[in-house]
Amino acid sequence: MNEADSEEMFLHLSARGAVRTDTLEEADAVLINTCTVRDHAEHRAISFLGRLMKWKRQDPRRIIIFAGCAAQRLGNQLKKRYPFLNIVCGAKEIENFANTLDKSGLFAPAGAAATPAPGLLAYATIMRGCNFNCTYCIVPSVRGPVKCLPVQDILQDVTRKAQAGAKEIMLLGQTVNAYEDGATSFADLLNRVSEIPGVERVRFTSPHPIYFTPQFLQAVKDNPKIARHVHLPVQSGSSKVLREMKRGYTRELFLEKVEALQEHGFTISTDIIVGFPTETEEDFQETLSLVEKAHFFAAYCFKYSPRQGTPAAQMQLLPQNVLEKRLDILLNQVRGLSEQAYQRQVGTQQDVLMEEPTKGRTSGNFWVKTSRAFAVGNMVRCEIEKAEGTLLFARNEHD
Ligand code: 5AD
Ligand code: SF4
């Protein structure tokens with residue numbers, strides 16, 4: 001989501017004459033788009049700001065923009081603590097970024113944005129914010145409640161991107177499958193986006209387990225353009241911890257959803273938090289056993305990080321060494337999951353969307369190396385001959 005927000009902000013900068021550079025010394029302005037989901041993310045942004053202080057001292061005309069979720073959380077404190085910041089733009093104000101730039105008087109008036117070609121893969125934000133209140137999570141307070149974009153706007157946005165060459169569209173939202181606009185459900189939207197000329201594949205992230213209903217699966221079942229991979233955060237394998245996290249599902253329900261998705265050909269990756277304040281050794285064992293059962297494609301594991309203002313931040317923390325030990329054990333268990341998932345693909349037939357002349361991705365999100373070159377953007381049918389690490393090797397390809 002941050003990447004998509006950065007792109008959106010960049011479009012407004014580009015309409016005011018800015019061009020992108022990767023070299024700090026060349027830049028006149030720096031935009032830092034921040035995350036605050038864990039303390040570590042926020043620290044990284046702030047320490048980068050420390051580095052930029054020296055950069056700005058070399059030439060006081062240089063501009064620093066601090067945007068996103070950490071900007072939202074820290075708000076007015078930021079300009080007091082870092083008076084050299086030119087613009088602070090919180091996550092809730094990203095939609096008004098153009099106005100913020102104009103009000104600052106630091107940029108030329110807007111002309112036509114030099115719309116960069118989106119490339120083969122393009123993002124489309126379909127909703128902002130979150131209506132859940134998971135007790136560890138700061139997102140609802142920095143991003144606010146759900147606002148779904150009107151379906152017509154989304155279809156227009158995707159059409160424009162497809163006309164500019166995008167073939168794979170990633171629909172984005174904090175609980176993306178809760179999307180609705182009047183009579184249009186998330187499944188309807190997926191089907192309508194996939195009908196747009198030029199669109200070959202549609203992905204989405206991140207869904208919430210409770211919205212994967214049988215009706216949803218029925219609606220997408222016959223649409224091969226919907227990518228067969230979902231990132232479905234579980235957070236914990238213990239029903240007790242899930243209740244205390246207010247996730248809205250039990251271990252059993254999550255496993256049921258996983259099974260139903262896998263029956264429909266989906267591969268599943270997940271997020272897991274270890275060391276939630278009430279997590280006992282038994283609860284942690286339940287997480288390990290869920291990982292064993294679910295056959296995830298990948299699992300991203302995090303130590304619990306207390307976030308100011310969230311209900312869980314009031315609870316007694318577990319000792320850091322317990323968090324570290326559990327993370328270590330879990331990381332050991334999830335290591336190798338992707339390799340196993342890659343091995344399970346051997347012998348299957350796959351459609352590979354070529355991202356490089358001899359490399360592309362399957363619907364299930366596996367990387368494939370082809371035995372000969374194809375045009376980038378082609379969909380190539382192939383047989384998977386073998387897997388090495390996290391790369392599949394194809395044969396008998398044809399487009
Ligand atoms: N501590 C640790 N991890 C967290 N996440 C969200 N909030 C916290 C927190 N307070 C993780 C969740 C989420 C991912 C984006 O970040 O696993 O899915
Ligand atoms: Fe945070 Fe829960 Fe909303 Fe995800 S669903 S953003 S974890 S509150």
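Each residue takes its place number in the sequence, starting with 1. From a predicted model like this one, the values you see are computed outputs, not experimental measurements. Counting convention: from 1, in listed order, for ligands and their atoms alike.
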C137 near atom 2 (Fe) of ligand 2 via N/O/S, less than 2.8 Å: no
Test item: side-chain donor near acceptor, N86 and K56, under 3.5 Å: yes
Location of contacts on K303 toward ligand 1, heavy atoms closer than 4.0 Å: backbone
Donor-acceptor side-chain pairing of E7 and Y123 below 3.5 angstrom: no
Closest protein heavy atom to atom 7 (S) of ligand 2, given as residue, atom name and distance to 0.1 Å: Y136 OH, 3.2 Å
Protein contact to atom 1 (N) of ligand 1 [nearest heavy atom, distance to 0.1 Å]: S305 N, 2.9 Å
Check: D271 N/O within less than 3.5 Å of ligand 1 N/O: yes
Nearest protein heavy atom with distance in Å, relative to atom 4 (C) of ligand 1: I273 CD1, 3.6 Å
Under-4.0 Å salt bridge between E42 and R73: yes
Within reach of ligand 2, part of P140 (heavy-atom separation under 4.0 Å): side chain
Parallel, tilted or perpendicular, as decided by the 30° and 60° cut-offs, for the rings of F204 and F212: tilted
From F297, F266, F296, residue fulfilling ring-ring contact (aromatic ring centres under 6.0 Å, His included) relative to H229: F297
Close-contact set for ligand 2 against C134 heavy atoms, below 4.0 Å: 2 (Fe), 5 (S), 7 (S), 8 (S)
Which residue and heavy atom of the protein sit nearest atom 4 (Fe) of ligand 2, plus the separation: R247 NH1, 4.1 Å
